[in-house]
2 protein chains.
Amino acid sequence: MTAGAELLRRNGYTGTGVKQIVQAANAPFGSLYHFFPGGKEQLGEEVIRTSGMLYLALFEIFFADEPDLIHGIEACFASAAETLRETDYADACPIATVALEVASTNEKLRIATADVFTAWIEAGTEKFGKYGLSAESARLLTIALVNSLEGAFVLSRSLRNTESLQVAGISSVALARTLLP
Amino acid sequence: MTAGAELLRRNGYTGTGVKQIVQAANAPFGSLYHFFPGGKEQLGEEVIRTSGMLYLALFEIFFADEPDLIHGIEACFASAAETLRETDYADACPIATVALEVASTNEKLRIATADVFTAWIEAGTEKFGKYGLSAESARLLTIALVNSLEGAFVLSRSLRNTESLQVAGISSVALARTLLP
DNA sequence: GTCTATAATTCGATAGAC
DNA sequence: GTCTATCGAATTATAGAC
């Protein structure tokens, strides 16, 4: 699962072979179809769902016991930029690459990515509501934040710099200030 | 080229076969390697570069003879949302799917996507400067706009709705208002 | 649970006639 | 320029022994 998650986020679903996964995991090939009788698709779906929940937990950490919404947002994008630099621009969003690949070709995997994004949006909406935002504003800010993060990941990985993530942080903070009471 | 562009933006680079492209184009298979001796990689690179320039031209149209920056931004995102709905959430950004796929695996194609994004950012920076923004503000707004658009495309294709694009329009307009003199 | 061999298909790419 | 046949390697998945 861990090896699969790393390869899928970096090379995508069709760009990753099952043999490549078991080799990276130092796992016996026979075990793959023992634990994942559904094959590559089942492995892919479980990777998407668990990676999505792990990433959500990461988000929760940034705003846990954080009294300041603005500082929480800044920390999010700064941390994302640091991870990109440290991993040579490989480890961005754990599911975006697969999400774009399968959106028009594999309905089961597409739904898995949609469930993850929905969970993120609902969690963010609830969290931001605690900073005094209305339900509508909290949802707007959450989606705008995910938009900026995902888009900045695309630019960052392609251009191999973190300017887009810095801009995403600035623009998200600016939006938060206009929504904050 | 046209068939390749459509398949690559929808299914990605590794997810599209060369036989699939020539079949979709109703083209003779032998012609592919006649016109693209470099094979799939050459075709992919040319598709990325020409699609990127076509998309840039689309952007220029929205702001040509448009005296109001805010209305231009709103029209961009409204048009993107309409295209997504009309194509059953297939035709979003022509190069983002490939960009994420190849960022860590194919340097030649990665550079092609980077050149496209760089051209977009430079064109937007120049265009927005004409509305009275400083060079720094114009570049910030451009990158923020691309961030929001690319991220909203990911969410829109996965969730099969246009809420993320509406939010992207709202947040981009809000940012533009804070930067405008 | 794990191993090896292999089935069945598809992949990108090429050869050589026309 | 186009066509067909095909190559060699890769793909996912399975069979059957251990």
Side-chain angles (χ1 to χ4, degrees), chain A residues 1-51 94-95 97-113, chain B residues 1-51 94-95 97-113:
Chain A
M1 286 283 295
T2 307
E6 181 167 310
L7 287 168
L8 287 189
R9 72 153 43 165
R10 296 184 177 189
N11 310 339
Y13 183 73
T14 52
T16 303
V18 291
K19 292 179 181 175
Q20 193 181 356
I21 294 175
V22 296
Q23 185 176 5
N26 270 0
F29 181 76
S31 299
L32 201 162
Y33 287 90
H34 176 76
F35 292 105
F36 302 93
K40 185 182 185 180
E41 192 178 38
Q42 182 190 349
L43 175 62
E45 181 176 358
E46 296 197 22
V47 163
I48 290 168
R49 294 189 184 277
T50 59
S51 296
I95 67 164
T97 309
V98 177
L100 285 179
E101 271 186 294
V102 303
S104 301
T105 55
N106 187 316
E107 188 66 0
K108 185 179 288 187
L109 294 183
R110 191 221 107 219
I111 290 174
T113 65
Chain B
M1 287 284 294
T2 307
E6 181 167 312
L7 286 167
L8 287 188
R9 73 153 41 164
R10 295 182 178 190
N11 309 338
Y13 183 73
T14 53
T16 302
V18 291
K19 292 176 182 174
Q20 191 182 356
I21 294 175
V22 295
Q23 185 176 7
N26 269 2
F29 182 76
S31 300
L32 201 161
Y33 286 91
H34 177 75
F35 292 106
F36 302 93
K40 186 184 185 180
E41 192 177 39
Q42 184 189 349
L43 175 61
E45 180 176 358
E46 295 197 21
V47 163
I48 289 168
R49 295 190 183 277
T50 59
S51 296
I95 67 165
T97 308
V98 177
L100 285 179
E101 272 186 292
V102 303
S104 302
T105 56
N106 187 316
E107 188 66 2
K108 185 180 288 185
L109 294 183
R110 192 221 107 217
I111 289 174
T113 66

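Note on naming: letters A, B, ... go to the chains in the order of the sequence lines (proteins, then strands), and numbering restarts at 1 for each one.
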_For B:R10 and B:E6: C-alpha separation, side-chain torsions, deciding distance, then whether side chain to side chain contact (heavy atoms under 4.5 Å, CB included) applies._
CA-CA 6 Å; B:R10 295 182 178 190; B:E6 181 167 312; 3.6 Å; yes
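Residue B:S31 places none of its side-chain N or O atoms closer than 4.0 Å to OP1 or OP2 of D:dG1.
Using a 4.5 Å cut-off on side-chain heavy atoms (C-beta onward), B:E107 and B:R110 make contact.
Taking five base pairs at each end of the helix from C:dG1-D:dC18 to C:dC18-D:dG1, the local helix axes there meet at an angle of 10°, rounded to 10°.
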*Summarise protein proximity over nucleotides 8-15 of chain D in one line of letters, 5' to 3': B for base, S for sugar-phosphate only, - for none, counting protein heavy atoms closer than 4.0 Å.*
---BBBB-
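Here B:T97 contributes atom OG1 and B:R9 contributes atom CZ; the two are 9.0 Å apart, rounded to the nearest 0.5 Å. With rounding to the nearest 0.5 Å, the separation of OH in A:Y13 from CD1 in A:I95 is 15.0 Å. For the atom pair CG of B:L7 and CD of B:Q23, the computed distance is 10.0 Å after rounding to the nearest 0.5 Å. One finds the CZ atom of B:R49 at 9.0 Å from the OG1 atom of B:T113 (value rounded to the nearest 0.5 Å).
Residue B:Q42 is tested with B:E46, B:E45, B:K40 for a side chain to side chain contact (heavy atoms under 4.5 Å, CB included); the sole match is B:E46.
Side chain of B:P28, nearest nucleotide from C:dG1, D:dG1, D:dC3: D:dC3.
In this structure, B:L7 places its CG atom 12 Å from P of C:dG12, rounding to the nearest Å. Distance, B:Q23 CD to D:dC3 P: 14 Å, rounded to whole Å.
Of all heavy-atom pairs between A:M1 and A:T50, the closest is CE-OG1, 3.3 Å.
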